[in-house]
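These notes concern the structure reproduced below.
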There are 2 protein chains.
Amino acid sequence: MIETFTALSEPNRLRIVELLRDGPQAVGVIADTLGLNQPQVSKHLNTLKKAHLVEVEAKAQQRLYRLDMQGLQLIDQWLDRYRRIWTDRLDQLDDVIADMTRKQEE
Amino acid sequence: MIETFTALSEPNRLRIVELLRDGPQAVGVIADTLGLNQPQVSKHLNTLKKAHLVEVEAKAQQRLYRLDMQGLQLIDQWLDRYRRIWTDRLDQLDDVIADMTRKQEE
DNA sequence: AAAGAATATTCCTGTCAAGGAATATAAATT
DNA sequence: AATTTATATTCCTTGACAGGAATATTCTTT
């Protein structure tokens, strides 16, 4: 989890992930699109790869990077542990409203 | 988004958030439970508060911190933009399988 | 008012990660 | 083999940040 959140906590890496929503891109294209230097992008992509947020496919001298759903699904699963809580919170709100309504009728 | 991910990318802050799933806690309790120094915990809680991951309720000299769903829902909404993609990926897999089945029957 | 309980904040230090620049590596073309 | 295309990696610098220690602030009790 830490690795995933850390990877996404850097603005340029978040931008890369968002860019890859539209499909696989080569390193140079990512660099040009985001206005970053190529070595910079390579380093960021390495971090994202280690966090299972992107994966790479070699195509001649090109390296096409695409989203790796594994990392994103990890976040989704982590969030599952909190969804019950915010559902419970809504249930409690229903209780409070029902309570207030009952008190109003008394 | 950056602030949210950054807040969660520090191990102790992640632990704090996970601890608060069970309900609100005072600073000192969090510190004792996680084996951290109180000032440390205060600083982390401040970061989490700024990222809308926790909120605080003053109770005499105590400060009870509880989860703030806003930050977590922000992640959930961010993830929504990727769910379509991993659904699309599954659809494409269905296509590939259908294609292979058709070719097998030829 | 002083003392105690609980917490927030500041100052300082050391670590680490991001960017820049240079270079190494991989693959294709000439 | 030499050159070109595309990328990965290394070295260096610097700013950000976490923890420790000390202190300030908030609130209650004596």
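All figures in this text were calculated on a predicted structure; none of them were measured in a lab. Numbers restart at 1 for each chain; the letters A, B, ... are given by sequence-line order, proteins then strands.
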Partners meeting side-chain hydrogen bond (donor to acceptor under 3.5 Å, both in side chains) with B:Arg21 (sequence neighbours left out): none
message: Which is more 5' along DNA chain C, the nucleotide nearest B:Val27 or the one nearest A:Ala60? Just name the residue.
response: B:Val27
- line: side-chain contact (heavy atoms from CB on, under 4.5 Å) filter on B:Leu14, not counting sequence neighbours, yields A:Met1, A:Ile2, A:Phe5, A:Trp78, B:Leu8, B:Glu18
- line: A correct 5'-to-3' footprint of nucleotides 15-20 of chain D, with B, S and - meaning base, sugar-phosphate only and no protein heavy atom under 4.0 Å, is ---SBB
message: I need the NZ-C1' distance between A:Lys50 and D:dA8, as an integer number of Å.
response: 11 Å
message: I'd like to check the side-chain contact (heavy atoms from CB on, under 4.5 Å) partners of A:Glu57; sequence neighbours left out, ordered by chain and number.
response: A:Arg66
query: Sequence neighbours excluded, which residues qualify as salt bridge (Lys or Arg N to Asp or Glu O under 4.0 Å) partners of B:Arg15?
result: none
message: Taking ring pair (Phe, Tyr, Trp, His ring centres under 6.0 Å) as the cut-off, I'd like each qualifying pair that reaches into residues 34-70 of chain B, sequence neighbours left out, listed once.
response: none
message: Any heavy-atom pair between the side chains of A:Val17 and A:Leu67 that's under 4.5 Å?
response: yes
- request: For A:Gln38, report the nucleic acid contact type (base, sugar-phosphate, nothing); a contact means any heavy atom under 4.0 Å.
  value: base
field: Inter- and intrachain pairs under side chain to side chain donor-acceptor pair (under 3.5 Å), touching residues 25-43 of chain B, at least two apart
entry: B:Gln38-B:Ser42
message: Taking any atom closer than 4.0 angstrom to a non-hydrogen atom of chain A, what span of DNA chain C does the protein reach, first nucleotide to last?
response: C:dA18 to C:dA28
- line: the helix from C:dA1-D:dT30 to C:dT30-D:dA1: angle between terminal helix axes, five bp per end, to the nearest 10 degrees, reads 10°
message: Applying a 4.0 Å non-hydrogen cut-off, can you work out what A:Ala26 is touching in the nucleic acid: base, sugar-phosphate, or nothing?
response: sugar-phosphate
- line: ring pair (Phe, Tyr, Trp, His ring centres under 6.0 Å) pairs touching residues 21-40 of chain A, sequence neighbours excluded, are none
- request: Output all residues satisfying side-chain contact (heavy atoms from CB on, under 4.5 Å) with B:Ala51, sequence neighbours left out; order by chain, then residue number.
  value: B:Glu3, B:Ala7, B:Leu53
- request: Only counting residues at least two apart or in another chain, list the ones meeting side-chain hydrogen bond (donor to acceptor under 3.5 Å, both in side chains) with B:Asp80.
  value: B:Arg83
query: Separation of A:Arg63 atom CZ from D:dA8 atom P, in whole Å?
result: 6 Å
field: Heavy-atom pair with the smallest gap, counting every atom of A:Thr4 and A:Leu74
entry: OG1-CD2, 3.7 Å
